[in-house]
S.K.: 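Submitted below is the structure of interest, expressed as structure tokens.
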Amino acid sequence: MLQLNCPWCGPRDETEYHYGGQAHVPYPEDPSALADEEWAEYLFFRDNPKGPFAERWVHSVGCRRWFNVVRDTRTYEVLAVYTNTEPRPDLGMGVAAGGQR
Amino acid sequence: MAKQLPEHPAWLWRDPNPKSSYDAIVIGGGGHGLATAYYLARNHGLTNIAVLEKGWLAGGNMARNTTIIRSNYLWDESAAIYEYALKLWELLPAELDYDFLFSQRGVLNLAHTLQDVRDSVRRVEANRLNRVDAEWLEPDEVAKVCPIINVSPELRYPVLGATFQPRAGIAKHDHVAWAFARACDAMGVDIIQHCEVTGFVKDGNRVVGVDTTRGRINAGLVGLVAAGHSSVLAEKAGFRLPVQSHPLQALVSELYEPVHPTVVMSNYVHVYVSQAHKGELVMGAGVDAYNGYGQRGSFHVIERQMAAAIELFPIFARAHLLRTWGGIVDVTPDASPIIGATPVENLYVNCGWGTGGFKATPSAGWVMAHTMATGEPHELNRPFGLERFTTGALIDEHGAAGVAH
């Protein structure tokens, strides 16, 4: 089981959280202007890297707030935890490593 | 002095070095990859082909699944492709001349809530309209099919009934892979293990070969059949797939006398159990919620699954767990597979089977081979192309997929 360090509540077991998938996927600025391919991209296509991945978690049974985690999907090691208002930390892996688009 | 060891039995397939060029390459030496190569040779006469496997033959999800075979899916498109697979399963032991212990012992899909009952009865009716054998059983009938299930109304999640597909069952997964591999080899297919694809060679937007850990191999056609690693390879080829990779766990008990006559699945309390021919109870869990490639899952997922198993099968309470393991499943947004063309010319993909690809091994191979050989989808996989995520014609099988994801 993972242990994640909620930015507001501290370290808790994974079972207190729910997973939210890839982080930093903004809602389209002008949805009505999107082509079908762009809608498909927004709705269904997410990065799926083998390595560091910036992802969202929510502390469902605690403060119920969302935050971001960079986690290695090979080793499951948590590399960084940061709040929604903070930028993705530069872990020296470049943009491609974490799938920020 | 120790007795001399017996000779190794005859190898079922050669262990060739890769040639510099093939007419077609299949990436992935699991069940689907081997079935694709088999039908490329058998149905389309393509025998100058190779299967490239980064590890050992059928050592990925093929070695890790719970071997359940059934075709009781809700939508017409799914029922068609899974039922085609089941019909092929019924023919394959004779055709491949290999007894891989295909046992049509039936599958029960339990219902535990009123909504479960409604959904299940609807699925039975949909199955019947698609000529898939399906029955709705009341709790006392469930107990007749599988006497070790606790159908007491006192349970926290009582069994309110079940769907039953008598033609469903299990097969010995390793033997299925070996049977396909032997048949492929006999037709001249090169099965190349320990050969990882590291990149794609392209001429403009057309794939013309692959780079591997054993050198460059040219090919006019490439099929990507890599399950959990599909999106890693797709990225190397320059496109994205709408799949997310998750760890999925399974486990077996010690060997026991035959006590479990069928296959039981429960979506709601989340466990699925059969008993292998050797005697192990084979059980599957849910996926871990997060993306992962670690081929291991979380203990709390198994703990929850065991709680469900013991409530449903009190006889298991003292069973000893022997092994647990994890595989990496590639999950799509609609819990249906992706089989067809990719944005790269002459590169085709079969992926996204998520938690339930084993049962579809023969038909997935059949339609993938057709698609690669003719450049056009087979009628069975036409609805399962990548374009459905743009058109919106999704095939939502979360209800019938068996494992929540």
Side-chain angles (χ1 to χ4, degrees), chain A residues 1-4 12-25 31 34-61 66-79 81 94-101, chain B residues 54 196 226-236 239-247 249 286-304 326 328-336 338 343 351-352 354 385-394 396 404-405:
Chain A
M1 188 188 303
L2 299 178
Q3 193 180 63
L4 296 174
R12 302 293 174 87
D13 283 346
E14 176 194 333
T15 44
E16 293 199 8
Y17 301 93
H18 276 101
Y19 190 56
Q22 183 179 352
H24 310 293
V25 181
L34 292 191
D36 287 353
E37 291 74 21
E38 292 167 315
W39 261 122
E41 189 77 12
Y42 171 68
L43 284 175
F44 300 125
F45 286 72
R46 294 291 179 271
D47 292 337
N48 189 24
K50 186 176 185 177
F53 184 44
E55 61 193 14
R56 303 171 76 220
W57 289 83
V58 61
H59 193 185
S60 312
V61 303
W66 286 93
F67 59 98
N68 297 331
V69 172
V70 179
R71 188 179 54 90
D72 191 316
T73 60
R74 288 167 300 194
T75 62
Y76 305 165
E77 184 188 358
V78 175
L79 303 170
V81 176
V95 170
Q100 195 171 35
R101 281 168 196 271
Chain B
K54 76 171 173 175
E196 181 171 1
H229 281 73
S230 297
S231 47
V232 174
L233 282 160
E235 193 184 349
K236 291 184 199 294
F239 66 97
R240 296 173 94 197
L241 288 168
V243 300
Q244 299 281 284
S245 294
H246 293 271
Q249 297 181 86
V287 296
D288 278 82
Y290 51 73
N291 291 19
Y293 287 90
Q295 288 192 323
R296 62 192 166 85
S298 305
F299 185 74
H300 66 89
V301 175
I302 285 184
E303 196 175 23
R304 180 163 163 248
I328 303 303
V329 298
D330 46 330
V331 173
T332 59
D334 60 356
S336 285
I338 299 166
C351 72
L386 258 179
E387 62 279 359
R388 76 177 185 271
F389 298 98
T390 305
T391 63
L394 302 185
D396 187 345
H405 55 234

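Naming: A, B, ... by sequence-line order, numbering from 1 per chain. Keep in mind that this is a model prediction, so the values were computed, not measured.
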S.K.: Got more than 12 heavy atoms from elsewhere within 6.0 Å of CZ, A/Arg12?
M.R.: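 Counting neighbours around CZ of A/Arg12, more than 12 heavy atoms of other residues, nucleotides or ligands fall under 6.0 Å, so yes.
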S.K.: Assess the residue pair B/His300 and A/Asp13 against the criterion (side chain to side chain contact (heavy atoms under 4.5 Å, CB included)); give the C-alpha distance rounded to whole Å, side-chain angles, the decisive distance to 0.1 Å, and a yes or no.
M.R.: CA-CA 10 Å; B/His300 66 89; A/Asp13 283 346; over 6 Å; no
S.K.: Between atom OH of A/Tyr17 and atom OH of B/Tyr290, what is the distance when rounded to the nearest 0.5 Å?
M.R.: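 The distance works out to 14.0 Å.
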S.K.: With sequence neighbours left out, write down each residue that passes ring-ring contact (aromatic ring centres under 6.0 Å, His included) with A/Tyr42, or none if nothing qualifies.
M.R.: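 Testing A/Tyr42 for ring-ring contact (aromatic ring centres under 6.0 Å, His included), a comparison that skips the adjacent residues, returns A/Tyr27, A/Trp39.
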S.K.: Check B/Leu386 against A/Phe45 and note the closest heavy-atom contact, atom names and distance.
M.R.: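 Closest heavy-atom pair between B/Leu386 and A/Phe45: CD2-CZ, 4.5 Å.
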S.K.: What part of A/Leu2 is in contact with chain B, defined as an atom under 4.5 angstrom from a non-hydrogen atom: side chain, backbone, both or neither?
M.R.: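 Just the side chain, heavy atoms under 4.5 Å.
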S.K.: Of all of A/Glu55, A/His18, A/Arg46, A/Arg74, which one pairs up most often with chain B through heavy atoms under 4.5 Å apart?
M.R.: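 The residue among A/Glu55, A/His18, A/Arg46, A/Arg74 with the greatest pair count is A/Arg46.
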S.K.: With sequence neighbours left out, what residues match A/Trp66 under ring-ring contact (aromatic ring centres under 6.0 Å, His included)?
M.R.: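 Residues passing ring-ring contact (aromatic ring centres under 6.0 Å, His included) with A/Trp66: none at all.
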S.K.: Which bit of B/Val301 comes within less than 4.5 Å of chain A, counting heavy atoms only: side chain, backbone, both or neither?
M.R.: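 No part of it gets close to chain A.
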S.K.: Within this structure, what is the CG-CZ distance for the pair A/Leu43 and B/Phe389, rounded to the nearest 0.5 Å?
M.R.: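 It is 11.5 Å, given to the nearest 0.5 Å.
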S.K.: Show the nearest heavy-atom pair for residues A/Glu14 and B/Ser298, with the distance to one decimal.
M.R.: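 Residues A/Glu14 and B/Ser298, closest heavy atoms: OE1-OG, 3.7 Å.
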S.K.: Hey, could you give me the OG1/CD distance between A/Thr15 and B/Glu303, rounded to the nearest 0.5 Å?
M.R.: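 Separation between the atoms: 9.5 Å.
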S.K.: Between B/Gln244 and A/Gln22, is any pair of side-chain heavy atoms under 4.5 Å apart?
M.R.: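 Not touching, per the 4.5 Å side-chain cut-off.
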S.K.: So which part of B/Asp288 gets closer than 4.5 Å to some heavy atom of chain A, the side chain, the backbone, both or neither?
M.R.: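 Just the side chain, heavy atoms under 4.5 Å.
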S.K.: Heavy-atom pairs under 4.5 Å with chain A are the metric here; pick the option from B/Thr390, B/Asn291, B/Thr391 that has the most.
M.R.: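 Greatest number of close heavy-atom pairs with chain A: B/Asn291.
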S.K.: Hydrogens and angles aside, do A/Asn48 and B/Ser245 bring a side-chain donor and acceptor to less than 3.5 Å of each other?
M.R.: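 On atom types as modelled, these side chains qualify, holding a pair under 3.5 Å.
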S.K.: Side chain, backbone, both or neither: which part of A/Glu38 has a heavy atom under 4.5 Å from chain B?
M.R.: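 Contact with chain B is absent: no heavy atom of A/Glu38 under 4.5 Å.
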S.K.: Given that the side chain runs from C-beta out, which part of B/Glu387 has a heavy atom under 4.5 Å from chain A: side chain, backbone, both or neither?
M.R.: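 The answer is neither part of B/Glu387.
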S.K.: Is B/Thr332 close to A/Phe44 at the side-chain level, that is, under 4.5 Å between some pair of heavy atoms?
M.R.: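 A side-chain contact under 4.5 Å is absent here.
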S.K.: Which bit of B/Leu394 is near chain A, if near means a heavy-atom gap under 4.5 Å: side chain, backbone, both or neither?
M.R.: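 Interface part for B/Leu394: side chain.
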S.K.: Hey, are the side chains of B/Pro247 and A/Tyr76 touching, using non-hydrogen atoms and a 4.5 Å cut-off?
M.R.: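 They are in contact (side-chain heavy atoms under 4.5 Å apart), so the answer is yes.
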